[in-house]
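One structure below.
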Amino acid sequence: MKLVKDTDQLEKKKHEISDEKAEEAIRTIIQWIGEDPKREGLLSTPKRVVNAFKEYFKGYAQDPKEFLAKTFTEVEGYDDMVIEKNISIQSHCEHHIAPITGVAHVAYLPSDKVVGLSKLARVVEVFSKRLQTQERLTMQIAKTIMDVLQPRGVAVTIDAAHQCMTNRGVKKETTTTVTNYFLGAFKNDLSFQNRYLRYINKD
Ligand SMILES: [Zn+2]
């Protein structure tokens with residue numbers, strides 16, 4: 001079963017639109033808010049915004065599975081959980097294109113192989129650099145690691161602030177949202193789940 005959606009389709013669509021056309025759209029928005037896009041300070045803004053967007057959404061052009069392809073089997077029998085805590089997240093919500101900032105915690109229970117530690121953070125990064133909901137982001141990270149690495153279990157927690165909630169709308173400045181997703185042993189065995197939760201809540 002394919003757990004993660006193909007990005008090829010999105011890639012193709014993006015390349016039908018030129019940078020110039022995207023810059024034109026930003027100019028329209030600048031005008032729409034009541035500003036003059038020909039004002040000196042705003043002349044290069046559309047180009048800068050488009051370049052920033054390329055960075056915010058670079059995840060569409062990346063395949064997170066590639067980062068998990070290289071594994072190590074020489075782990076001298078290590079079979080307990082590997083937890084990577086406080087991986088910083090900068091994403092954007094798909095409803096307002098507003099920033100989502102926070103941290104992710106990722107854990108897995110190796111079966112016979114492990115990955116380089118930075119690779120878990122890479123998977124988080126690729127899915128973050130797309131338009132997201134926090135729920136989907138949490139699941140995509142967990143399912144991809146489960147799918148590719150086939151460990152005995154995966155746990156992912158995200159604790160993040162959504163600027164569409166803190167800066168506008170209900171304006172709850174201090175609110176963060178916590179999502180959890182458990183697979184395999186973390187879902188079926190509460191002792192693993194509890195140990196994981198205890199570790200990530202420790203400073
Ligand atoms: Zn939003």
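Counting convention: from 1, in listed order, for ligands and their atoms alike.
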- Message: If you round to 10 degrees, what value do you get for the angle at the Zn ion (ligand 1) between C164 atom SG and C93 atom SG?
- Response: 110°
- Quick one: are the ring centres of Y196 and Y199 less than 6.0 Å apart? no
- Query: With under 30° as parallel and over 60° as perpendicular, where do the rings of F53 and Y56 fit, or are they tilted in between?
  - Reply: tilted
- Salt-bridge contact R27-E24 (side-chain N to carboxylate O under 4.0 Å): yes
- Message: I'd like the atom name of the N/O/S atom in H96 lying closest to the Zn ion (ligand 1).
- Response: ND1
- State whether D80 and R195 are salt-bridged, where the test is any N-O pair (Lys NZ or Arg NE/NH1/NH2 against Asp/Glu carboxylate O) under 4.0 Å. yes
- Query: Within H162, is some N, O or S atom less than 2.8 Å away from the Zn ion (ligand 1)?
  - Reply: no
